[in-house]
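Quick caveat: nothing in here was measured; it's all calculated off a predicted structure.
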Amino acid sequence: MVQVEEVGFIGDHTIRRWQSLLPGVPSPPNPPEYIDSPDGSTPTWVRGGANNGKNPAAYTKGTNPTLFAKLSITPSQSTDTSGLLRLKKGGNVITNQNTPVTLSGSTVSLSGISINANALENQASVKKGTYNFDWEISLDNGQTWQSIGTSGGHTVYWTYAAPKGLDCTSDSITTCTFVSSQGQVGHPGLYDLALEKAIAELPIIAQTPAAIGKSLAANVDTAFIYDPGPAGGAADTGHPLSMYFRVARAQCSANANLLLGLLRSIGFDAATKYLWGGTPTPPTSENGGKVYVYKYRKDSSPFDQSVTFMVKRPESRERIVPKNPHFAFHAMVKLDNYYYDPSYGNALLTQNGYPYMAVGFKEVVDLTNPADPSFKQGGDTSNFVVKALNLTDFCIPGPGNPCTANTVVTDKVCPHSWQEPASSSPFASFDGDRITDIAVWRPSDGIWYIRNSSDQTISYPQLGQAGDRIAPGDYDGDGIADLAVFRPSNATWYIQQSGSKTLMTVQWGTSIDVPISGDFDGDGKVDIAVYRPDSLGSGWYIRQSSTGSMLAYTFGLWDDKPVSGDFDGDGKTDIAVFRASNRTWHWLRSSDAVYSTTQFGLSGDQPVTGDYDWDQKTDLAVFRPSTGEWHLLRSTEGYLGIQFGANGDIPVQGDYDEDGRTDAAVWTPATGRWRILKSSDSTQMEEYWGSGSTGDIPVPSAFNR
């Protein structure tokens, strides 16, 4: 018997892991750990190996991968036997030619196994691919073939070009993307997390430098907290990529450096330009909205109308800042004579109620002299004009706001963005602005009726059928909620991934299970999970998106209501139940495995967990259907009772005003009316969307039990 035992890649780009990503390790090793070595000595797959699927390879798009392998022979061969080897994927041969093999002894090593890249991908694109290879051998010169095993999943990152090294020693300003808080320089090789995120953030159509730069800039903007504290402080691990896996501190400069690293990881040699704004003349108060506007040119032509601006405002909390936060400086990334601005996005341009919508700004001073001590910048001083402005005569274009000729027009604003923990993961934000969208799902035809909060457009995607249970969530980690349903009849999940636009099907659970998704492993992706009621102890079965492995817990009783949330604020979903019989909550903290219980609510109450006090922790909360009352036990601000709703209403809590707090909200099936109590200003918003007469289910209610 012949069996494939080890597989690896040859001639691909080096991938190394920076060890400070691991908890409790403050600095990278020297030299950094190799995940994949291109010299053919380090296998990325070993039969039965614990790290299979964790060791990626990286090739420039369109390159034919080359493999090496080790085969085992049982029983050992005392004489040589000639044969041919080939690989298949999905039933199709993918090797460019059959590889000669001589079977002798107990093992044989092969090299130079060439795979046709077009057989793996139908277009040369920048993307991530995961593949399983079926290995076959022929001992009769290709007349018949027999299987010798399957290897996989092999992850290949297809890059735009050879990744650029990082030269941190020549920067006059600290622009090195991977510098620790102790000042240690990151390695010059390909950084695996940067590569993974760069590829994951790109749509398939982004295949030019301009498209890739714009796509990464937009996605970087929507992913992070803006915080006036310096990047690299005690709160994080000292490099911008830490913001991908923890609620951490960030600044415009850190976001620019992050974009720089993402671009470099896929082959673009980008540069960072820093700008500092001086004190306006006459000075204005911080609370009045001190603004600096930067005009910049995209190429060698004179100044165009590209404008970006920054509003300096005070902090509201130690780690949370309001929209248009208080920045000390600003940075942009230059790629192929274009500037990409990762700190200013446009996700909130058309939002009703945005605090500076149609508010004017008036120019008070023009600092055109680069030698002026109140204006300092790095790089080419001739490219920029800096203006300090007050809050008059400025216009942001939007619906019903065409902007007059005497105003300055910009499409770049600095909205408040943050990386939300599992307690308020964007289960119902389908346009990526992290605002809960008004949406219903109609079981009769499987259509989702979604009103996108970013621009008020309407979409009608279809997924699911009668009998399914909706389970939306960000399963691919792109910051956008994916359509998803759990079908009890075949215990299968159907997930329409927003990033790749592909349908993922996963069989997980049984017909009696309840879908209870959450980010249980803290990797920024929603995990597929089910709750299985059982009189002897209910079971939780979680498929971790980070590893694909299963977590199983016995927690809860037969009639408990499962709830999901991050009750300890560590960025991971905790296992929890509400026991109506004795009005108690029970949860298991993921941070330290400590069991906690609290009595709160009445029998008949419906759990409506969320972050109602903006402290990044899930609060205990119930909706009382009989009276329309909300009872909140907030982890920071204490108890709050709200009368909002009536008997028969369905709670649809979410963040509808983008202030980071969960808003109380209800949907009335008889009329399709949505009533939302905005936490930002205590005003009410009312919309009509969907109907109970057609069996519609309001999407934000998917995880209320």
Side-chain angles (χ1 to χ4, degrees), residues 420 422-431 434-444 446-453 459 461-476 480-488 492-498 504 506 508-509 513-520 525-531 540 542 561-566 573 576-578 606-611 618 621-623 625 649-656 662-669 672 674 676 689-692 694-705:
E420 293 181 329
S423 60
S424 50
S425 183
F427 286 120
S429 177
F430 298 96
D431 50 9
R434 310 197 75 81
I435 299 174
T436 302
D437 295 321
I438 292 176
V440 298
W441 178 68
R442 189 162 295 168
S444 60
I447 294 179
W448 302 62
Y449 296 85
I450 301 170
R451 179 182 293 177
N452 296 300
S453 56
S459 55
Q462 194 277 337
L463 181 70
Q465 62 188 33
D468 290 350
R469 303 190 67 165
I470 59 173
D474 184 9
Y475 293 89
D476 55 7
I480 301 173
D482 305 313
L483 307 182
V485 298
F486 172 68
R487 187 163 297 163
T492 300
W493 294 68
Y494 299 87
I495 301 170
Q496 185 66 50
Q497 299 177 98
S498 56
M504 180 174 68
V506 177
W508 192 262
D513 290 346
V514 177
I516 188 69
S517 301
D519 185 5
F520 293 91
K525 298 179 182 180
V526 171
D527 303 313
I528 293 173
V530 295
Y531 173 79
W540 295 69
I542 301 162
K561 296 180 179 181
V563 294
S564 63
D566 182 8
T573 300
V577 297
F578 173 63
Q606 184 172 1
V608 285
T609 53
D611 184 5
T618 298
V622 296
F623 174 71
D649 285 348
I650 296 175
V652 288
Q653 76 276 12
D655 186 4
Y656 294 88
T662 301
D663 306 312
V666 294
W667 183 68
T668 305
W674 296 68
I676 299 164
W689 195 254
S691 173
T694 56
D696 289 351
I697 297 173
V699 173
S701 70
F703 294 94
N704 291 338
R705 306 301 174 194

For Asp519 and Thr573, run side-chain hydrogen bond (donor to acceptor under 3.5 Å, both in side chains): C-alpha distance rounded to whole Å, both residues' side-chain angles, the deciding distance at 0.1 Å, then the answer.
-> CA-CA 5 Å; Asp519 185 5; Thr573 300; 5.9 Å; no
Kindly indicate, with the supporting measurements, whether the criterion side-chain hydrogen bond (donor to acceptor under 3.5 Å, both in side chains) is fulfilled by Asp482 and Ser498.
-> CA-CA 6 Å; Asp482 305 313; Ser498 56; 2.8 Å; yes
Locate the shortest heavy-atom distance separating [X] from [Y]; write the atom from each residue and the value.
X	Y	result
Pro443	Ile697	CG-CD1, 4.1 Å
Arg705	Gln606	O-CG, 3.1 Å
Trp689	Val440	O-CG1, 3.9 Å
Val526	Ser517	CG1-CB, 3.4 Å
Ala471	Phe703	CA-CZ, 3.7 Å
Ile542	Ala529	CG1-CB, 3.9 Å

Are side-chain heavy atoms of Phe430 and Pro461 found at a separation under 4.5 Å?
->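 Answer no - side chains too far apart.
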With a 4.5 Å heavy-atom cut-off, do Phe623 and Ile650 have their side chains touching?
-> no
Member of Asp696, Ile470, Ile447 meeting the side-chain contact (heavy atoms from CB on, under 4.5 Å) criterion with Trp441 | Ile470
Sequence-distant partners of Asp476, salt bridge (Lys or Arg N to Asp or Glu O under 4.0 Å), two or more places apart |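 Salt bridge (Lys or Arg N to Asp or Glu O under 4.0 Å) list for Asp476, sorted by chain: empty.
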Using modelled atom types and a 3.5 Å cut-off, is there a donor and acceptor pairing between side-chain atoms of [X] and backbone atoms of [Y]?
X	Y	value
Asp527	Phe520	yes
Ser701	Val652	no
Thr436	Asp655	yes

Taking it one step at a time, do Ser453 and Asp437 satisfy side-chain hydrogen bond (donor to acceptor under 3.5 Å, both in side chains)?
-> CA-CA 6 Å; Ser453 56; Asp437 295 321; 2.8 Å; yes
Is it true that the side chains of Thr668 and Asp649 contain a donor and an acceptor less than 3.5 Å apart?
->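 Per modelled atom types, Thr668 and Asp649 side chains form a pair under 3.5 Å.
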Find out whether the Lys NZ or Arg CZ of Arg487 is both under 6.0 angstrom from the six-membered ring centre of Tyr494 and within 45° of the ring's axis.
-> yes
Which residues pass the ring pair (Phe, Tyr, Trp, His ring centres under 6.0 Å) test with Trp540, sequence neighbours left out?
-> Tyr531
Across all chains, not counting sequence neighbours, the side chain to side chain donor-acceptor pair (under 3.5 Å) partners of Gln496 are none
Going from OG1 on Thr662 to CD on Gln653, what distance comes out if it is rounded to the nearest 0.5 angstrom?
-> 7.0 Å
Could you give the distance from CG (Asp474) to CD (Gln497), rounded to the nearest 0.5 Å?
->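 Here the interatomic distance stands at 10.0 Å.
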Ser459 vs Asn452, side chain to side chain contact (heavy atoms under 4.5 Å, CB included): CA-CA, chis, key distance, verdict | CA-CA 8 Å; Ser459 55; Asn452 296 300; 3.9 Å; yes
Under 30°, 30 to 60°, or over 60°: which ring-plane class applies to Tyr475 and Trp493, parallel, tilted or perpendicular?
->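 Plane angle over 60°, so perpendicular.
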